[in-house]
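Ligands are counted one by one from 1 in listed order, and the atoms in each one are counted from 1 as well. These numbers were taken from a predicted model, which means no experiment stands behind them.
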Amino acid sequence: MSNINIVIILGSVRVGRETHKVTTELKKRFHAAGFGNTQVLDLAKYNLPIAEERFGKTPTAINGIDDAQAILAKADAFVFVSPEYHGSYSGVLKNFLDYFSDEFKRKPIGVVSVSTGRFGGINASTEMQLLVLALGAFPMPLKLLVPTVHFTISEEGEVKEDFLNTNFNKFVQEFSWFATAIVSHKK
Ligand SMILES: Cc1cc2nc3c(=O)[nH]c(=O)nc-3n(C[C@H](O)[C@H](O)[C@H](O)COP(=O)(O)O)c2cc1C
């Protein structure tokens with residue numbers, strides 16, 4: 001059992017979204033792999049306005065942002081899960097992250113992209129890795145791409161294709177190694 005505190009950020013708030021199925025399943029698999037302190041941070045819960053300033057410098061109080069900041073600051077490692085919109089990650093993910101900065105520094109971050117297309121949001125995944133670098137964090141080289149999400153994963157998170165099941169397992173295994181290596185070095 002690991003004490004590492006993993007926060008999976010769900011970067012889709014679309015009505016009728018599909019990406020939540022991926023975060024549900026990832027959380028289950030991290031728990032099964034011994035990472036019992038894994039939680040999903042659902043950006044739909046926050047409904048943050050367009051960022052005008054960073055956390056702590058915002059002139060007006062924003063509902064829920066203190067809670068989000070506390071969760072981020074406590075986290076040891078993150079997984080960013082985003083749909084691909086127009087060849088990139090979601091605007092809601094970027095807007096959320098722009099409120100923060102230090103909360104991510106020197107932390108391991110894995111990226112997961114989701115799409116109804118056959119390429120699994122590969123452009124979004126690559127751009128998320130660049131985003132992770134810009135946050136001063138460490139992007140895990142191996143990423144998880146989830147193609148044709150509307151067919152390949154059920155509402156409960158059941159993965160219906162063998163190749164995708166294998167890729168979920170590889171991602172969780174690699175992230176377990178990557179996060180443990182960085183977090184234990186820092187301590
Ligand atoms: C504004 C918008 C842009 C999209 N752009 C892309 C795209 O560039 N590539 C792609 O594969 N799918 C694209 N899609 C389809 C998404 O992959 C699909 O909506 C998927 O379900 C996204 O996850 P979500 O349901 O959580 O929003 C787009 C969808 C929306 C709403």
Side-chain angles (χ1 to χ4, degrees), residues 6-31 35 38-52 62-65 67-68 71-72 75 77-100 104 109-135 137 139-172 174-175:
I6 301 174
V7 172
I8 301 172
I9 299 185
L10 167 51
S12 172
V13 300
R14 194 177 64 82
V15 177
R17 66 187 179 183
E18 298 276 348
T19 302
H20 64 291
K21 301 192 296 190
V22 175
T23 55
T24 302
E25 184 58 16
L26 273 176
K27 180 181 159 182
K28 264 192 250 162
R29 291 191 188 215
F30 276 116
H31 278 236
F35 293 85
T38 301
Q39 61 176 309
V40 175
L41 187 76
D42 182 353
L43 300 191
K45 288 209 183 112
Y46 295 99
N47 196 21
L48 296 179
I50 295 290
E52 292 180 329
I62 297 171
N63 219 4
I65 198 164
D67 290 352
I71 292 169
L72 300 179
F78 296 94
V79 179
F80 290 175
V81 185
S82 176
E84 180 166 280
Y85 292 156
H86 295 141
S88 188
Y89 46 79
S90 67
V92 76
L93 175 66
K94 183 66 163 59
N95 185 53
F96 175 76
L97 297 175
D98 286 345
Y99 278 98
F100 306 102
F104 296 98
I109 305 184
V111 304
V112 180
S113 60
V114 180
S115 162
T116 46
R118 282 184 298 145
F119 299 110
I122 187 154
N123 291 315
S125 71
T126 307
E127 293 197 2
M128 267 191 283
Q129 289 180 319
L130 293 175
L131 177 60
V132 170
L133 288 173
L135 290 167
M140 184 169 80
L142 182 80
K143 49 205 185 182
L144 175 63
L145 309 180
V146 182
T148 54
V149 62
H150 50 317
F151 297 131
T152 49
I153 307 189
S154 75
E155 193 55 38
E156 295 71 39
E158 185 207 347
V159 179
K160 298 186 210 164
E161 297 281 349
D162 287 347
F163 81 91
L164 193 56
N165 193 36
T166 303
N167 289 351
F168 263 77
N169 287 339
K170 277 188 191 161
F171 181 84
V172 169
E174 185 70 6
F175 191 76

Would you be so kind as to tabulate the donor-acceptor pairs closer than 3.5 Å made by side chains of residues 141-150, with sequence neighbours excluded?
{"residue": "Lys143", "atom": "NZ", "partner": "Ser125", "partner atom": "OG", "Å": "3.3"}
{"residue": "Lys143", "atom": "NZ", "partner": "Thr126", "partner atom": "OG1", "Å": "3.0"}

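Remark: Phe163 CZ is packed, more than 12 non-hydrogen atoms of other residues, nucleotides or ligands lying under 6.0 Å away.
Relative ring orientation between Phe30 and Phe175 is described as perpendicular, the plane-to-plane angle rising above 60° on a 0-90° scale split at 30° and 60°.
Applying the side chain to side chain donor-acceptor pair (under 3.5 Å) criterion to Asn123, with sequence neighbours excluded, gives no partner residue.
For ligand 1, the 4.0 Å heavy-atom shell takes in Ser12, Arg14, Arg17, Glu18, Thr19, Pro83, Glu84, Tyr85, His86, Gly87, Ser115, Thr116, ordered by chain and residue number.
Nearest approach of Gly11 to Val92, heavy atoms of both residues: O-CG1, 3.4 Å.
Judged as a salt bridge (charged side-chain N to carboxylate O under 4.0 Å, His left out), the pairs with a partner in residues 20-29 (not counting sequence neighbours) are, in order, Glu18-Lys21, Glu25-Lys28, Glu25-Arg29.
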